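Everything on this sheet refers to the single structure shown next.
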Number of protein chains: 2
Amino acid sequence: MDAMPEARTLRVDAERNRRRLLDAALELFSERGLDVGVGEIAARAGVGRGTLFRNFASKEDLIAAIVGERMREAAASGRELLDAPDPEEALFEFLQQMVGQQQSDRALFDAVHDTFLANSEIAAAYAELVGVIEQLVARAQAAGVVRADLGALDLIVMVKGLCEAATALHHVNPHIAERQLDLVRAALRPAAATEPLRGRPPTIDDFKRAFPAPGAAAGAAKAS
Amino acid sequence: MDAMPEARTLRVDAERNRRRLLDAALELFSERGLDVGVGEIAARAGVGRGTLFRNFASKEDLIAAIVGERMREAAASGRELLDAPDPEEALFEFLQQMVGQQQSDRALFDAVHDTFLANSEIAAAYAELVGVIEQLVARAQAAGVVRADLGALDLIVMVKGLCEAATALHHVNPHIAERQLDLVRAALRPAAATEPLRGRPPTIDDFKRAFPAPGAAAGAAKAS
DNA sequence: ACCTGAACACCGTTCAAGT
DNA sequence: ACCTGAACACCGTTCAAGT
């Protein structure tokens, strides 16, 4: 397999523009939230507005591309922790990292559980991340330091929620995320499991059904 | 104190329009989220677009008015539970109610911790609600069923986050909010408090400083 | 092929004219 | 006093014209 085909003539410029747009957008979103205009993003990237829409079908797609990148980075960082000696510390170290990341890119992640899981790029990156967390949880459960009836997605729901609510207060009470993580830790301790959790653990299929990809409707496809 | 002054001539119509706008907006927001247009809201209320802006300075203020109403209702419902015999059940019954309400008005509450606490009407309603929760928590702590180092706002942050994250999955996994509340309960149990929570509990002042009211800037007021 | 910026459509907000 | 809807400003998206 002869790897990458030779670089196409002008494609290198296009690729550089795409990169610049992603970087400019991340900067502006982090500074001032998701409602910065596309014109300003294009300006900071040093390109015209049309170029933004040549690279990304919509502003929402631009955001999805950034979120997807961050998720793949998080999954990579979690995989490294699978080699750490202490399964309990490994799990909570990873959670702490996720919280930290979401605090710095708050506006970006706010939208993830809302609408963006419908985006196929994000959905794939998310499944990868969930897989890593499942392994971290399973390892901690095997070591007997986390209650056995907890699903990885139970934990994700907790932490995702905690991030959104705690981040707003971070700059006036910087230890609030740590407190919340301490409470999560207390919740997961086997000694605290005096009664089983109600219902069943959420699954990745739950998420897929909650955020169906557009155009993937079930039933007979009617010609239109 | 001779109560309400006699009703002004046409004000009764204005008041009715205001009510209709609030009801129409709540309906539409619940059905389709916060990005329904003001034109459509005014149309469902049976008034012109201008009337909406005569009653509310902006779309954001309209949302704030609705959120404020719901918070006052929640506070009233929590006060009733202060008379319930079992302090532990009273606290978690109240949390369950809050989760249920936020699930039906999801879009509305999403914005609360973000920007709307800067609105003075919401801030007042919020302080009232926090006061009730503080009493419910204190009662449960006095009975020894909740760890002593927990602040009321620790709990609010947890539950607020849990709601946002769990609501999206509710229609595919209806027990997910209950599972999350079970985890909260496990986190609060004195037996799970094997180590103290890091940092200090969040305070109402933290919230006020995190969401300063516009125009309430500190320092000398320069004439402009 | 890719880039650009003028033009379009849409939505929150204002305001002159009505009653 | 209050209501209305046309007009304005703003922002995401498209597209004809450039290189």
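This is a predicted model, so every value here is computed, not measured. No hydrogens, no waters, no symmetry mates; every other heavy atom, side chains included, goes into these values. So you know, we letter chains A, B, ... as the sequences are listed, proteins then strands, and number each from 1.
Under the Watson-Crick and G-U wobble criteria, each requiring two contacts below 3.5 Å, nucleotide C/dC10 is left unpaired. Base-pair partner of C/dA1: D/dT19 (Watson-Crick or G-U wobble, both distances under 3.5 Å).
Look at B/Arg49 and you won't find any side-chain N or O under 4.0 angstrom from OP1 or OP2 of D/dG5.
For the pair A/Lys59 NZ and D/dT13 P, the interatomic distance rounds to 8 Å; values are reported in whole Å. Summarising the geometry, the separation between CZ on A/Phe56 and P on D/dT14 is reported as 15 Å, rounded to the nearest angstrom. Taking atom CG on A/Leu34 and atom P on D/dC11, their separation rounds to 15 Å, with Å as the unit. A/Ile41 has its CD1 atom 14 Å from the C1' atom of D/dT13, to the nearest Å. Between the C1' atom of C/dC10 and the CG atom of B/Asp35 lies a distance of 13 Å, rounded to the nearest Å. Computed from coordinates, the A/Glu15 CD to C/dC3 P distance equals 11 Å when rounded to whole Å. Summarising the geometry, the separation between CG on B/Leu52 and P on D/dG5 is reported as 14 Å, rounded to the nearest angstrom. Put simply, CZ on B/Arg20 is 15 Å from C1' on D/dC2, counting in whole angstrom units.
Comparing C/dT4, D/dT13, D/dC2 against the side chain of A/Val38 picks out D/dT13 as the nearest. The side chain of B/Phe53 has C/dT14 as its nearest neighbour among C/dC2, D/dC3, C/dT14. Side chain of B/Ser58, nearest nucleotide from D/dT4, D/dC2, C/dT13: C/dT13.
Taking each heavy atom of B/Val172 and A/Asp206 in turn, the nearest pair found is CG2-O, 3.4 Å. Nearest approach of B/Asp35 to B/Lys59, heavy atoms of both residues: CA-NZ, 3.9 Å. Contact record, B/Gln135 with B/Leu82: OE1-CD1, 3.5 Å, taken as the closest heavy-atom pair. The two atoms that bring A/Ala75 and A/Glu128 nearest to each other are CB-OE2, 3.8 Å, heavy atoms only.
Considering A/Gln102, A/Gln103, A/Met98 as possible partners of A/Cys163, the one that fulfils the side chain to side chain contact (heavy atoms under 4.5 Å, CB included) test is A/Gln102.
Within 4.0 Å (heavy atoms only), A/Asn17 reaches sugar-phosphate atoms of the nucleic acid but no base atom. B/Gly37 comes within 4.0 angstrom of sugar-phosphate atoms only, judged by non-hydrogen atoms across all strands, and of no base.
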